[in-house]
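Reviewing the structure listed below.
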Amino acid sequence: SVDGEVNVTLGNASTSKTSIPGRLGVGANSTDVEAALTIKGDPGNTNQPAKITNSAQDTHTGLFLNSTGNAVNEKYGMQFGGFNEYSVGGIFGLIDSTSASTSGDITIDMCDGTTANALIERVRFTHEGTVGIGTSSPAYPLDIVGFANSTSGFRVTDGTIDNRISWSSGNVGFFGTISNHSIAFNTNSTVALTIDTSQNATFSGTLTVGVDDTGHDVQFFGATSGRSVLWDESYNGLIFSDNTKLQLGSSTGSGDLQL
């Protein structure tokens with residue numbers, strides 16, 4: 001029943017569903033009810049919201065959804081829909097402990113297609129401050145887990161330059177552009193390495209490959225198959241493969257060694 005503009009009672013001992021025509025306002029004047037449900041209040045200060053307990057309220061909270069099941073990982077929250085009596089997903093809270101002043105997480109769960117089945121958790125915000133996408137146990141500030149395909153990973157784009165951190169089904173990590181643009185690596189806000197769209201690399205400083213006296217070798221290949229120059233750590237010198245030419249100075253001869 002509806003008693004004027006102040007007291008609202010929903011349901012009774014014999015009614016399981018009650019509908020209210022028009023709009024319902026909580027903490028609002030009858031002329032200030034802008035939506036089907038309008039909740040208004042003055043928090044009174046700019047402090048952080050306080051945790052609600054059985055002995056503490058919070059003036060910053062306009063709506064409190066509370067499960068009374070008291071079970072770990074039991075989700076309770078709200079859902080949204082775009083078709084009458086059907087939902088597309090929702091936001092839920094859950095506890096991870098039943099001890100006093102318990103902690104818990106917030107999840108975003110979505111429908112998978114048009115069948116009537118359980119929602120699938122897509123995003124989780126943990127009370128430790130981590131965010132998981134595709135995982136319910138994020139181990140990093142932002143933890144993204146997905147399937148190995150061309151659309152997995154993390155994308156940053158301005159609508160033209162398209163960057164992605166991802167992985168492939170061949171167990172290979174991927175970092176770079178998927179648009180026709182170069183990529184640059186910066187240190188101290190200065191470009192240190194640029195790789196252009198033809199896979200040419202330009203270093204702004206000194207390139208060091210390997211660590212001295214650790215047995216690492218460096219091998220350079222040219223455009224001709226089978227020709228290369230190898231710095232062999234065990235030999236402590238350069239080794240030229242068969243038919244690889246060495247030129248010192250500006251000689252124009254055709255031999256393998258030009259001086």
Side-chain angles (χ1 to χ4, degrees), residues 105-108 110 120-252 256 258:
D105 302 338
I106 300 294
T107 68
I108 298 177
M110 304 297 296
I120 297 176
E121 181 178 317
R122 298 300 189 186
V123 183
R124 177 176 292 238
F125 303 88
T126 71
H127 64 276
E128 292 92 354
T130 59
V131 178
I133 300 177
T135 175
S136 60
S137 54
Y140 304 93
L142 177 59
D143 201 345
I144 302 175
V145 177
F147 298 101
N149 57 48
S150 60
T151 59
S152 297
F154 181 69
R155 178 188 182 193
V156 177
T157 181
D158 63 356
T160 302
I161 302 175
D162 207 341
N163 307 278
R164 193 170 79 230
I165 301 174
S166 185
W167 52 92
S168 71
S169 56
N171 296 322
V172 177
F174 174 89
F175 172 79
T177 61
I178 56 177
S179 57
N180 190 28
H181 295 89
S182 303
I183 186 170
F185 297 84
N186 290 17
T187 59
N188 195 27
S189 299
T190 302
V191 175
L193 167 64
T194 301
I195 303 176
D196 65 21
T197 56
S198 297
Q199 290 76 56
N200 298 310
T202 302
F203 292 87
S204 300
T206 301
L207 172 62
T208 301
V209 181
V211 181
D212 188 29
D213 200 27
T214 60
H216 294 300
D217 298 330
V218 181
Q219 190 167 11
F220 300 92
F221 293 89
T224 303
S225 176
R227 296 186 180 184
S228 65
V229 177
L230 169 68
W231 172 268
D232 191 312
E233 182 73 15
S234 60
Y235 176 67
N236 199 29
L238 286 173
I239 298 177
F240 292 80
S241 67
D242 291 343
N243 300 319
T244 299
K245 298 179 180 181
L246 172 63
Q247 177 178 316
L248 301 177
S250 59
S251 174
T252 59
D256 289 343
Q258 301 294 322

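Only this structure's heavy atoms are used, side chains among them; waters, hydrogens and symmetry mates stay out.
- By the side chain to side chain contact (heavy atoms under 4.5 Å, CB included) test, Arg122 is found to be paired with Met110, Asp112, Ile120, residues two or more places apart in sequence or in another chain being considered.
- Take Ala139 and apply the side chain to side chain contact (heavy atoms under 4.5 Å, CB included) test, not counting sequence neighbours, and it matches Asp143.
- No side-chain donor-acceptor contact under 3.5 Å links Ser228 to the backbone of Gln219.
- Partners of Phe220 by side chain to side chain contact (heavy atoms under 4.5 Å, CB included), not counting sequence neighbours, listed by chain and number: Val218.
- Applying the side chain to side chain donor-acceptor pair (under 3.5 Å) rule to Ser137 yields no partners; only residues at least two apart in sequence or on another chain are considered.
- Screening residues 189-199 for side-chain hydrogen bond (donor to acceptor under 3.5 Å, both in side chains) gives Asp196-Asn200 as the qualifying pairs, with residues at least two apart or on separate chains.
- The two residues Thr130 and Pro138 come nearest to each other via the heavy atoms OG1-CG, 3.3 Å.
- Proximity of Val156 to Ile165: side-chain heavy atoms (C-beta onward) are nowhere separated by under 4.5 Å.
- One distance of note links CD1 of Ile144 with OG1 of Thr135; it measures 11.0 Å at 0.5 Å rounding.
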Contacts table for residues 172-188: side-chain donor-acceptor under 3.5 angstrom, sequence neighbours left out:
unit_1, atom_1, unit_2, atom_2, d
Thr177, OG1, Ser179, O, 3.4
Thr177, OG1, His181, O, 2.8
Ser179, OG, Asp162, N, 2.9
Ser179, OG, His181, ND1, 2.9

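- For the pair Trp231/Asn236, a side-chain contact is recorded, criterion being any heavy-atom separation below 4.5 Å from C-beta on.
- Separating the OG1 atom in Thr157 from the CG atom in Asn163 is a distance of 7.0 Å, to the nearest 0.5 Å.
- Each salt bridge (Lys or Arg N to Asp or Glu O under 4.0 Å) pair with one or both residues in residues 123-140, not counting sequence neighbours, appears once here: Asp105-Arg124, Glu121-Arg124.
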